[in-house]
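Letters A, B, ... mirror the listed sequences (proteins, then strands); counts begin at 1.
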2 protein chains.
Amino acid sequence: MPPKANPQSSEIPTPKGEEPGSPAQRDRRKRIIDATLALAASGGYNAVQMRAVADKAEVALGTLYRYFPSKVHLLVAGLAREFQQTRDKLERTTIPGDTPGDRLVFVLGKTTRALQRDPHLTEAMVRAFMFADTTAAAEVELVGGLMEDMFATAMGKKEPTEHDRAIFHLIADVWMANLIAWVSRRASASDVHQRLELSVRLLINGTSS
Amino acid sequence: MPPKANPQSSEIPTPKGEEPGSPAQRDRRKRIIDATLALAASGGYNAVQMRAVADKAEVALGTLYRYFPSKVHLLVAGLAREFQQTRDKLERTTIPGDTPGDRLVFVLGKTTRALQRDPHLTEAMVRAFMFADTTAAAEVELVGGLMEDMFATAMGKKEPTEHDRAIFHLIADVWMANLIAWVSRRASASDVHQRLELSVRLLINGTSS
DNA sequence: CACGATACTAGAACATGTTATAGTGCATGG
DNA sequence: CCATGCACTATAACATGTTCTAGTATCGTG
């Protein structure tokens, strides 16, 4: 009796709800992302070299590629893990601010400052995110979903409308574009903050005053 | 008698107003960008291989690197040339639309459709633009300036205020982010169009209806 | 337990961006 | 005219992402 439909063999898809694989595999995956983020934090995108990641994670190069088919996948998965943490923390916090817009600005500001505290790490993750090609589209969308979650949480919208989500998307675009500008030294931290605030004012509050 | 200040030797900076170098050099530079864009159009980012560019432009690899210090510089310079053309054409055209916002939407839509007619070329240029690191910041800013010019022209603002420019910047961010999403098949052409329209409505017109 | 499949390892091999080397031609100032 | 310096050429070398190969280990299943 062949199993009805279980085409998961030899594939390691992105974990959606449940963690896939044996405990040893989950551990390897964790070690790999740990190694990736450690290298990224120390020297940015260029320091994340596949051989170095494999060494530090104590897996063979081939194994690394079995888990993550490219450097970009790896770094975007790292960004996803970071954002998951951020989102989960957010969901357990009370966010200050009088209006939903204020709360969103608060969350954006706080998260941005946290990212800016680790410039190399941020550079590595954000550049990979932006550079991602079609083969990493799923991972990038995952991150997009996390940003949406964060914004929805910030604004206290448990079930955002289609219009809400469209706005979140725009804000995410502006956010990432400004982070890229910041990591390539085309924008200062205060530029980034001001632009985020302006976007939220115009996109959420609908006032330009 | 040393020349007062002419540190241009052995440097080939981005041409600002006037074209630098001998005619032969200007010709080489043109051939290089032509070759780059041709390869990009045929196979996208991956097809723009430095040896292939050098061959097609009939220069030695070392010469290619003397003109453009990296693949990203090369492709961003290509994008700059394309946008220069677009901007110049715009400045000679009458743009339809009842309001500045309408005209901006028109220009964004038209330019986006033009880019989408050459998916590989767009993929190559936009991914390089997003991936650019600090060493290519100047080239990226050049492109940013061209986008500002285009938007200002579209809206008939010959001398935009600081606030105008801030808004242009946000729209450019949204535009580029959506192009990236489009080239990596995370957004359809109509997604892109709708988001651009929404951004302009909210950022320029200040109405969400 | 024994077997077969799948996963892992070590290492080589390959692809392509980038840098370095040696030689050639050409233009420019003396 | 000549010497000097610079740009260009051809080519090799190097760095790192990615793929491939052969052997070994591990895991689930009859």
Side-chain angles (χ1 to χ4, degrees), chain A residues 1-3 6-13 20-32 35-36 39-40 43-76 124 127-128 131-133 135-136, chain B residues 1-3 6-13 20-32 35-36 39-40 43-76 124 127-128 131-133 135-136:
Chain A
M1 169 180 72
N6 191 354
Q8 59 75 236
S9 77
S10 119
E11 284 166 29
I12 302 172
S22 71
Q25 285 172 330
R26 262 181 280 118
D27 186 57
R28 269 190 212 99
R29 187 171 203 280
K30 174 173 186 315
R31 286 207 313 275
I32 290 171
T36 301
L39 288 165
Y45 188 88
N46 292 326
V48 179
Q49 300 187 356
M50 300 306 271
R51 290 170 182 81
V53 171
D55 280 1
K56 182 169 267 229
E58 297 182 291
V59 299
L61 191 55
T63 304
L64 173 54
Y65 273 95
R66 167 185 287 276
Y67 280 72
F68 297 96
S70 81
K71 175 167 170 173
V72 163
H73 285 77
L74 194 51
L75 281 163
V76 176
R127 283 181 69 206
F131 189 57
D133 66 359
T135 71
Chain B
M1 169 182 68
N6 191 353
Q8 58 75 236
S9 76
S10 120
E11 283 167 31
I12 303 172
S22 72
Q25 285 172 330
R26 263 181 280 116
D27 186 57
R28 267 190 214 98
R29 189 173 201 277
K30 174 174 185 313
R31 286 207 313 275
I32 290 171
T36 301
L39 287 165
Y45 188 87
N46 292 325
V48 179
Q49 300 189 354
M50 300 306 271
R51 291 170 183 83
V53 171
D55 281 1
K56 182 169 269 227
E58 297 182 289
V59 299
L61 191 56
T63 305
L64 173 55
Y65 274 96
R66 167 185 287 275
Y67 280 72
F68 297 96
S70 80
K71 174 167 171 174
V72 163
H73 285 77
L74 193 51
L75 280 163
V76 176
R127 283 181 68 204
F131 189 57
D133 66 359
T135 70

Distance test, side-chain N/O of Arg28(A) to OP1/OP2 of dC8(C), below 4.0 Å: yes
Minimum-distance nucleotide (side-chain atoms of Val59(B) versus dC8(C), dT18(C), dT9(D)): dT9(D)
Atom pair distance, as rounded to whole Å: CZ in Phe68(B) and P in dG17(C): 16 Å
Sugar-phosphate, base or nothing in reach of Val48(B), heavy atoms under 4.0 Å: sugar-phosphate
Nearest listed nucleotide, side chain of Met50(A), among dG17(C), dC8(D), dT18(D): dT18(D)
Residue Leu61(B), side-chain atoms from C-beta onward, closest of dC8(D), dT19(C), dT18(D): dT19(C)
Given dT18(D), dT16(C), dT19(C), the nucleotide with the shortest approach to the side chain of Gln49(B): dT16(C)
Side-chain N,O (Tyr67(B)) to OP1/OP2 (dC8(D)) below 4.0 Å: yes
Selected nucleotide, minimal atom distance to Ala60(B) side chain, candidates dC8(C), dT9(D), dT18(D): dT9(D)
Proximal nucleotide (of dG17(C), dT9(D), dA13(C)) relative to the Arg51(A) side chain: dA13(C)
Note, Val72(B) side chain near Asp133(B) side chain (heavy atom, < 4.5 Å): no
Along DNA chain D (nearest heavy atom to each residue), the more 5'-positioned of Asn46(A) and Gly62(A): Asn46(A)
